[in-house]
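Working notes, beginning with the structure itself.
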Amino acid sequence: MATTIQNTPAAPHFPEQVTGMYILARALKNVGIENVYGLVGIPITEAAYIIQGQGIRFIGFRHEQQAGMAAATEGFLTKKPGVLMTVSSLGFMNGLTATANATVNCYPMIQISGASDPTMVDMNMGTYEQLDQYNTAKPLVKAAFRCSKAEDIPSAVARAYRAAVSGRPGGVYIDMTTPALGQIMNREDAEKLFYTPVDVYSPVAPNPASVQRAVEVLTSAKHPAILLGKGAAYAQVDDKIKTLIEKYNIPYLPMSMAKGLMPDAGPLSALSCRSTIMEQADVVMIIGARLNWMLAFGKGKWNPDMKFIQLDIEAQEVDVNRPIAAPVVGDLGLALDAILAELDGKTMATDPAWVPSLQTETKAKDAKFAQRIEEARDMMPMHHWTALGVIKPIIESNPDVILINEGANTLDDTRDAVNMTLPRHRVDCATWAIMGMGIGSSIGAAVATGKSVVAIEGDSAFGFSGMDFSTICRFKLPVTVCIFNNGGIYNGIGENLSKDGDPAPTTLDVKARYDKLGDAFGAKTYYVTTPAELSQALTEAIASKQPCLIDVQLAADSGKESGHIGYLNPAPLIDIVV
Ligand code: ADP
Ligand code: MG
């Protein structure tokens, strides 16, 4: 029987195709990125839509620097790199400020920036938004990658993730060129590129001999203390730190972003005895902090015979500014495990009078502090301490609120006034002491944790990032921004030396109604001039879990030029200028 041969040709097979933008979105999803912070434009707009389509949240900002601050804050709070996406040239540069700040502060984050075709940049052809972004970013980040082909994107993303979180965390840059973003590939080939990187965090244990040495030094101390830095908060080893402190009865002094890692008001807290610790301790164990400018470089007041034990992931941090008697280089969790095991069964040589003397000093200092608040209680217009007398108990009774803080007096005084009880609930301008992190950081904290946030901002500090208050409103985040308005940088009474009536360099707008700025974007807003109004507004705002802005009217003469680093800005310069 004859067979019939089907003579119709097979339907043509067109492989499904995807773009580099899709590959980027999938690569981010594949490594577990949940949020991307950024500001779109050529050449990343479509990529942002695809990212959103992949189920990753895209938080669109008004300024890239703030998007970067948000990404960095997510990195600090979660140990997962925050991701910032920027357009080429200026957007890249704006974002790079935050990425550099993240590197300095050891926050893991990844900046992915659209970039012009590098072959055109290299030939200086004057292409659209021409800038050698890769080489511009390189000195400011921990690692940098350039994707010139879509095939490289998944590997760049996975390697950037590992670079951001492993060892000492930091900022990582990916130059995402237009040829890579626009490249078209067969989906089947693209799918083969994705992989899940193995053991990304890969904690490294310290050398056992270093652990033994550290324990010998610690157990020989008559006046031991522990200095907690934000590296200790970041590491999420809260229980191990608590065990070390409580089991061996060691007083602790937290750096500003380590506040709450152990309760600020706990019985072993030496928060109010900073000078005494510096001068009288004989052994200080530094956990995830650096002996930089914030700690007088380990010199000055510090006991010259002090022996430091330093726990840090970064070997190059050891002996910076001061010889370290017992460095323990390695991951904090593994280092503390080893130290606790080595300490087991050993006793401390602590002078029995040491802890009680610090407790007595704390009591006296706290009473003095309470008196300072009491003296400011009825000042009208309000002063910083008047407002903080109100804010302190409200924040302290809402310990789960994340406190964001920047300014000059507003920073110093809020940090000193408000006790924290939970780890990683305070983010401030940190190592570079920069201004212009507050709003971005508030957004990152709210998005990354889902918790309520209160930002205490100086009026000048708020000015750097105020427009992104609208981002808080668009994304309906539970963030309350309190602006301490004393009308200036430091204060609003700067002497006007101009011949033509210009304001003084430090003078802003003491009569500005920042609450109206909040009204423009539909926030719940308050203008408060008295402690009672402030108390009601802040209580209501936190409870509302809505975007809120409180304009806290202070006196123009409240606040002084920050005194802590006076030697960096010597007053006599003023005379020379005049
Ligand atoms: P602070 O400003 O609170 O003093 P720093 O940022 O100056 O804090 O110091 C943090 C230190 O913590 C850095 O030297 C960093 O290398 C270290 N660090 C960060 N993460 C870890 C970790 N997982 N284990 C050990 N050390 C860490
Ligand atoms: Mg001010």
Side-chain angles (χ1 to χ4, degrees), residues 75-76 79 101-108 142 164-170 201-206 227-237 240-241 253-259 261 286-295 298 310-318 320-321 324 327-337 383-384 387 406-413 415 424 426-433 435 456-463 483-494 506-510 512 514 552-562:
F76 171 70
K79 273 183 118 171
N101 187 57
T103 305
V104 162
N105 282 290
C106 317
Y107 305 148
K142 211 183 145 186
V165 300
S166 61
R168 170 184 272 180
Y201 288 85
S202 200
V204 176
L227 183 74
L228 297 168
K230 64 179 174 300
Y234 169 79
Q236 300 192 15
V237 290
K240 299 177 207 279
I241 288 172
L253 179 65
M255 299 299 287
S256 74
M257 281 175 59
K259 277 165 67 83
L261 180 44
I286 308 171
I287 307 186
R290 288 176 279 193
L291 286 175
N292 56 16
W293 68 277
M294 285 193 213
L295 290 165
Q310 184 170 20
L311 275 54
D312 205 292
I313 193 91
E314 176 57 66
Q316 291 187 55
E317 197 52 51
V318 176
V320 174
N321 299 320
I324 301 297
V328 181
V329 176
D331 173 75
L332 208 44
L334 295 177
L336 286 165
D337 283 343
H383 277 228
H384 286 77
E406 64 173 333
N409 294 271
T410 305
L411 173 82
D412 293 338
D413 297 349
R415 182 191 54 229
R424 296 170 295 283
R426 183 185 157 87
V427 182
D428 62 32
C429 36
T431 304
W432 263 352
M435 292 300 121
I456 310 283
E457 300 270 307
D459 57 334
S460 163
F462 177 73
I483 299 161
F484 274 25
N485 186 11
N486 64 350
I489 298 166
Y490 308 121
N491 58 43
I493 51 163
T506 49
T507 298
L508 296 168
D509 317 282
V510 76
Y514 291 102
V552 184
Q553 182 68 66
L554 300 185
D557 64 355
S558 177
K560 56 181 187 326
E561 184 163 352
S562 290

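Both counts, for ligands and for their atoms, begin at 1 and track the order of listing.
The minimum heavy-atom distance between Phe76 and Arg426, with the atom names listed, is CE2-O, 4.3 Å. Of all the heavy atoms in Pro206 and Val328, the pair that sits closest is CB-CG1, 3.6 Å. Nearest approach of Asn409 to Lys560, heavy atoms of both residues: ND2-O, 2.8 Å. The two atoms that bring Ala233 and Leu261 nearest to each other are N-CD2, 3.7 Å, heavy atoms only. Nearest heavy atom pair, residue Asn485 against residue Ala512, reads ND2-O, 3.4 Å.
Of the protein's non-hydrogen atoms, Ile313 CG2, 3.6 Å is the one closest to atom 27 (C) of ligand 1. In terms of protein heavy-atom proximity, atom 16 (O) of ligand 1 is closest to Asp312 OD1, 2.6 Å. Scanning the protein heavy atoms around atom 19 (C) of ligand 1, the nearest turns out to be Gly231 CA, 3.8 Å. Looking only at protein heavy atoms, the nearest one to atom 3 (O) of ligand 1 is Lys230 N, 2.7 Å. Looking at atom 20 (N) of ligand 1, its nearest protein heavy atom turns out to be Tyr234 CD2, 3.7 Å.
Checking Ile489 against the Mg ion (ligand 2), every N/O/S atom stays at or beyond the 2.8 Å cut-off.
Nearest residue to atom 10 (C) of ligand 1 from Gly167, Gly288, Gly170 is Gly288 (criterion: closest heavy atom). The closest non-hydrogen atom to atom 24 (N) of ligand 1, taken over Val237, Leu332, Asp428, comes from Leu332.
Under a 4.0 Å heavy-atom criterion, Glu317 is in contact with ligand 1. Contact analysis leaves Ser256 out of contact with ligand 1, as no non-hydrogen atom separation drops below 4.0 angstrom.
Of all atoms in ligand 1, numbered sequentially from 1 with element shown, those under 4.0 Å from a heavy atom of Gly229 are 3 (O). Ligand-side atoms of ligand 1 in range of Ala235: 23 (N), range being under 4.0 angstrom from any heavy atom.
The only member of Lys230, Arg424, Arg415 that meets side chain to side chain contact (heavy atoms under 4.5 Å, CB included) when paired with Met257 is Lys230.
A donor-acceptor distance shorter than 3.5 angstrom exists from the side chain of Tyr201 to the backbone of Lys79, with no hydrogens or angles considered. Here the side chain of Gln553 pairs a donor or acceptor atom with the backbone of Val510 at under 3.5 angstrom.
Side-chain atoms of Val318 and Asp312, non-hydrogen and from C-beta on, never get closer than 4.5 Å to each other. Side chains of Val204 and Asp331 form no contact here, defined as non-hydrogen atoms less than 4.5 Å apart.
Taking the Mg ion (ligand 2) as the apex, the angle formed with OD1 of Asp459 and OD1 of Asn486 is 100°, to the nearest 10 degrees.
An N or O contact shorter than 3.5 Å is missing between Met255 and ligand 1 by distance. In terms of N/O distances under 3.5 Å, ligand 1 is approached by Arg168.
Contacts of Arg290 with ligand 1, taken as heavy-atom pairs under 4.0 Å, involve both backbone and side chain.
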